Amino acid sequence: MSAGTTTARREPRRVPRRAWPLLAVLGPGLLAGLSDDDPAGITTYSVLGTDYGYQLLWVLLLSTLALMVFHDLGARLGVVTGQGLIGLVRHRYGVGISAGALVALVTANLGTATAEFAGIAAGSELLGISRYVAVPLSAMLVSWLVLAGSFHRVEHVLMALAAVFVAYIAAGVLAHPDWSAAFAGLVTPRMSFGHQETLIVAATVGTTLAPWGLSFIQSYAVDKKLTTKDLGYERTDVVVGAALTGVIGFFVVVACAATLHRRGLHIDSAADAAVALTPIAGDLAGTLFALGLIGAALLAAAVLPLSTAYSICDFTGSEAALDSTFSEARTFYLSNVAITAVAAGVVLIPGIPLVTLLVSTQTLNAILLLPLLVLMQRLSRDHILLGDHVVSRGWATVQAILVVAVFACVALLLL
Amino acid sequence: MWRRWVLLVSAGELAGFCVPGVLGALTAEMSSGTQLPILVFAGIIEGAALGGAQALVLRRVLPKFRSTAWVVATSVAAGFAWLLGMLPSATQATWSTWPTTWVVVAATLLGAVLLQSIGTAQTWVMPAGIPSAHMWIWWTALGWCAGLGAFTVVAPPLWHEGQSPAVIALIGAAGGVAMAVAMAAVTGVGMVRLCARAARLHSGNRLEGSRVLSSIVGTPVRSAGGKDEGRVRDLLIDLAGGLDRVPVTGVLVGGGGRTDRVVAWDRLHDRGSYWVLDPIAPGDVVETGSTDVLIRRDILDSPVVLADPPCRARVSDVVLELVDGRAWLTGLDISTAGALRRMLGRPVVPERAEQVSLAKVHLVSAPAHSAQLAVPDAMVYRLEAQAMAEVLTRVPVPHARDILRVADPDVLDSALPLLHPHVLDRVTGAGLAPRRTRRLAGWRMHRPYRRGKQAPAPGQPHPNSSGPQAER
């Protein structure tokens, strides 16, 4: 069969692509972005809105812009080089640096996956379901999705899960926020540099731009076999995904600012926010918040082990594909299931200090973010790897400024 | 050596850490100012224990190693590190009024100096002649990052108000064990690498027999007059010389602020611990052609695709054969164990059966891919249809399109129908999206049909998945 024959045979299917260019590219950027709105992210946004009202919304806007820039860079690196982030680091900087990055990434991902299952536990208990039922069931569900071996089904389920984020938008609208104050907070940078304030600013940046999201989007772009011709479409996908992430974060902040902040309440978690919202904004808003929490956690709990397994296989060079059998991709499946099992298991240990564990994970994520961003920034100007697709000097400067800003945030977080 | 290092250094650090641990507990009620000298003293003792344990290992592997100097340097540096570590709490009244930016800058500087203090002191007293000895500073910094991180993860979460002193001490001990083991494990990797390199130089870099690339890269290069010319940074091979034994034609020399330059292989001569470079006339440099490939840049650690068995892999090391002043690339080590051996500084030549010939892989890095297509005996020109389909499925799409342009049309005619429809669409450039959204094509390898299985008729589901045809 020649290429020409193929073209002729498939000609009728050109129409949908032309008609729905945006739908055609949705995928890596959308899932990577929305997975960043995990329970840790929702918690951070809830605390931001509850403690500071609309005042710090501009931080969310800047974080979203940083997310767009670096997810776009990740997708570009994946598309042009055909390698995932850890693999590319190994190729360019050697086995030592990449092994260090991999160990840190796996550790941080394990902690983050634990946070996701903790989110499932908290959300399910809000709905009256014991964590000892919800967490194992969720772990089995996400493992089954992977082991079932049909990615289009997995992706459908993940996209459906992502749809629960609409719950946050609904919760935000139901809270009747002051839209003019919200808009003013979004575009007017104001900050008093108090300790708690700097902490929440740093946490917002750290939770929006997560290391695993960077490695995930690059691996995903590789496995999707995108080419450089798709870069324009892929950028649209990334921007849409990051923008949706920001929009969802915005509505979480707005929901809490319009209700909990106005009443001078304080919360420590997203579950607290759901409980506190109920008497103020109504049962529906509280339930939607809890459902959103579970959906966000399930989405991230499904994506995180996959992302980790891809990074491990990227480092070793082993086969990693969801349509491979267990014997063909043993490392891939074992690491995936192991991460899921350990993370779910940790959440079920009675008396485990989950909050401390989650804070430690966030800190590790923040620390890991810096070298990864620096490496990505250097890779983006590597002519040998990217050829004509290196980023321009101006864009590289923007990236460098963002890296410095993130560095400052991480330093604040660690103090 | 690594295991011995981890065992002894963990024990030494744990024993040493007991001193500041106990003194810290006894002086917990005192003011920071009073605690400071006590804990600095405790840090000196901890450093002595740590340095002593390290010296027990190093005196057996490093010639001219001075144990006493090592212990004293470690001890003083540890006291200094404790001083820096205690400064924030002792001077809180001062810096708490500073602007946040100043605090961030000061904390960053303080942390950087603290982490590098022990490594710097120990590097000063290391025996002369160890190549890249300064790397020990970074390894110790990394080791202490890992150690302190491990302590933070283990002890503070378990400490709570109202616990008995015994429980507090037990938790502290557990944290201390985690810290000591993590620190020793990381610094052990660094020290093994340094010692391995030193041993290689001591025994001489003989340019004979089988060697792996990672044991050659980094070798110092000098002029005949003894002037430092840099280090071996890479080797140049010419694929046109045959893929089973690819001749090494040049060496990339540079580093240390010098401009990299490629010199002919026969311009270098072995002198044991370094290589001597013949005088090079201006303009006398090796011209690189379309079939030339830099091994370290384009092959080492980069992905490769094999046709038999069909899989992707990553190059862990490159095997070279050196005979009578000439060199050839004879095989690739694609095992994960090879990467681990390199990481531990112990690269070894794998058994012949474990090596893969360059003729049996397709290199994925862009320069190597192009160079391979430019030689007539490259793997992709010798594949039958099934293997071609497997390779086309695994290489990046632009590479697959390059292969389609140059491969045997008869083979392609048989291979293309074996491809999964999604892959076929992408590699032939017909690039048509599935009916719903193109995102459905993601995250799958879309394996080719196996020979013997009939390719489905149009509209029938693909046997390798429940996906694309059914989706339509």
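So you know, we letter chains A, B, ... as the sequences are listed, proteins then strands, and number each from 1. Remember, it's a predicted structure, so these values are computed and weren't measured experimentally.
Using a 4.5 Å cut-off between heavy atoms, B/Ser335 does not touch chain A at all. Contact of B/Leu300 with chain A is made through the backbone alone, with heavy-atom distances under 4.5 Å. Heavy atoms of B/Val304 lying under 4.5 Å from chain A are absent altogether. Of the atoms belonging to B/Val186, not a single heavy atom falls under 4.5 Å from chain A. Both the backbone and the side chain of B/Ser302 come within less than 4.5 Å of a heavy atom in chain A.
Interatomic distance, A/Tyr93 OH to B/Asp301 CG, rounded to the nearest 0.5 Å: 13.0 Å.
Although no hydrogens or angles enter the test, the distance criterion places a donor-acceptor pair under 3.5 Å between the side chain of A/His91 and the main chain of B/Arg297.
Heavy-atom pairs under 4.5 Å with chain A peak, among B/Pro396, B/Cys311, B/Ala366, at B/Cys311. Heavy-atom pairs under 4.5 Å with chain B peak, among A/Ala99, A/Ser318, A/Gly100, A/Gly87, at A/Gly87.
By the 4.5 Å heavy-atom criterion applied to side chains, A/Gln83 and B/Ser365 are not counted as neighbours.
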Worked verdict on A/Cys313 versus B/Arg314 for side-chain contact (heavy atoms from CB on, under 4.5 Å): CA-CA 10 Å; A/Cys313 293; B/Arg314 205 171 268 279; over 6 Å; no

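For the pair A/Gly82 and B/Arg312, the tightest heavy-atom approach, listed with the atom from each and the gap, is O-NH2, 3.9 Å.
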